[in-house]
A.B. asks: 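I have a structure here, written as structure tokens, and I will follow up with some questions on it.
Indexing begins at 1, ligand by ligand and atom by atom, following the structure's order. Please read all numbers here as calculations on a predicted model, not as lab measurements.
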Amino acid sequence: MRDLYIRWMELPEPVPGDSYLARLPVVKHLAERKIEFHKQVTFFVGENGSGKSTLIEALAISQGFNPEGGSRNFNFHTADTHSELHTHLRVARGVIQHKRGYFLRAESFYNVATNIDELGIAGYYGGSLHHRSHGESFLALAEGMFGSNGLYILDEPEAALSPRGIIRLMQRMDELVAQDCQFIISTHSPMLLCFPDAEVYQITKNGIDSVRFQDTDHYRTTVRFLQNPESAVADILGYETEQ
Ligand SMILES: Nc1ncnc2c1ncn2[C@@H]1O[C@H](COP(=O)(O)OP(=O)(O)OP(=O)(O)O)[C@@H](O)[C@H]1O
Ligand SMILES: [Mg+2]
């Protein structure tokens, strides 16, 4: 891929006022330094509430996606749950435009499935997504509907997936990366973070830093835990362990 569809995003000015958005550390950091995209796959990791959804949702809306998720053809509307960050954002696009795309918003995937049924286009998805489990329907989407030259903005795609489901998603992503797609993903999955040649931005109170996946808190905590689960659990719960 010669160029990315999204090259960088920035806040030219801090968000004015005293709203939660103006006070959110990630938003303040973005006003100090732009986030550059260097790889076809970019991950955002960070604690619950660190602002990953706020960030990638604003990016998705700025690119014309429906705030509640879906491809750019979706414009259903059930509730105003997105922030106004997108109105402050400046985004640099590459020279070549993406041909298709999808914004996965975990909280409203159900509504996307309903909208697909209502539009009478379930046939393109291999049938109604409501007739499959949450994970099955997401994989049907990624395997059936995601295609070449696409921009995919995904908020915790692992939420519905088993470990094998995550592996299938990684295999599909690998195919799509070879077909000039760009992925911008928020995740808590240490497995997904291992995707090759991806850039990982870790969001903390101190900033938004590009790190190796091995240095993320998610990866380290999980590895430490799984290396010795009995002792890790005993430690956390304050139990004595047999030596
Ligand atoms: N409408 C709102 N009013 C006040 N605070 C809000 C509102 N929406 C989000 N927030 C706060 O903004 C912060 C960032 O939320 P966000 O959903 O972006 O976090 P996140 O990193 O995606 O978390 P998670 O990993 O749990 O999905 C949170 O502390 C949240 O409570
Ligand atoms: Mg979130």
A.B. asks: Examine the proximity of ligand 1 to Glu47 and report which part, side chain or backbone, both or neither, has a heavy atom under 4.0 Å away.
C.D. replies: backbone

A.B. asks: Going by an N to O cut-off under 4.0 Å, is there a salt bridge joining Asp215 and Arg212?
C.D. replies: yes

A.B. asks: What is the distance from atom NE2 of His86 to atom CG of Leu55, rounded to the nearest 0.5 Å?
C.D. replies: 13.5 Å

A.B. asks: Given the rule in the ring-ring contact (aromatic ring centres under 6.0 Å, His included) test, do Tyr152 and Phe183 qualify, once you have shown the distances and angles that lead to the verdict?
C.D. replies: CA-CA 5 Å; Tyr152 298 105; Phe183 287 87; 5.4 Å; yes

A.B. asks: What orientation do His218 and His188 show, parallel under 30°, tilted 30 to 60°, or perpendicular over 60°?
C.D. replies: parallel

A.B. asks: Taking 4.0 angstrom as the limit and counting only heavy atoms of Thr54, give me the atoms of ligand 1 inside it, by number and element.
C.D. replies: 14 (C), 15 (O), 16 (P), 18 (O)

A.B. asks: Is the backbone of Arg7 close enough, under 3.5 Å, to the side chain of Arg93 for a donor and an acceptor to pair up by distance?
C.D. replies: no

A.B. asks: Test your reading of the structure: does Gly46 have an N or O sitting under 3.5 Å from an N or O of ligand 1?
C.D. replies: no

A.B. asks: May I ask you to decide if the ring planes of His98 and Phe65 are parallel, tilted or perpendicular, using 30° and 60° as cut-offs?
C.D. replies: parallel

A.B. asks: Would you mind listing which atoms of ligand 1 come within a distance below 4.0 Å of any non-hydrogen atom of Ser53?
C.D. replies: 17 (O), 18 (O), 20 (P), 22 (O), 27 (O)

A.B. asks: Enumerate the atoms of ligand 1 whose separation from the nearest heavy atom of Ser50 is less than 4.0 angstrom.
C.D. replies: 19 (O), 21 (O)

A.B. asks: Can you tell me if, anywhere in Ser186, an N/O/S atom lies at a distance from the Mg ion (ligand 2) that is smaller than 2.8 Å?
C.D. replies: no

A.B. asks: Please find out if less than 6.0 Å separates the ring center of Tyr201 from that of Phe44.
C.D. replies: yes

A.B. asks: Tell me whether ligand 1 is touched by Glu57 - counting only heavy atoms on the residue side and a distance under 4.0 Å.
C.D. replies: no

A.B. asks: Is Leu24 touching ligand 1 with its side chain, its backbone, both, or neither, if touching means heavy atoms under 4.0 Å apart?
C.D. replies: side chain

A.B. asks: Considering Glu156, His188, Lys52 one by one, which has a heavy atom nearer to atom 27 (O) of ligand 1 than any of the others?
C.D. replies: Glu156

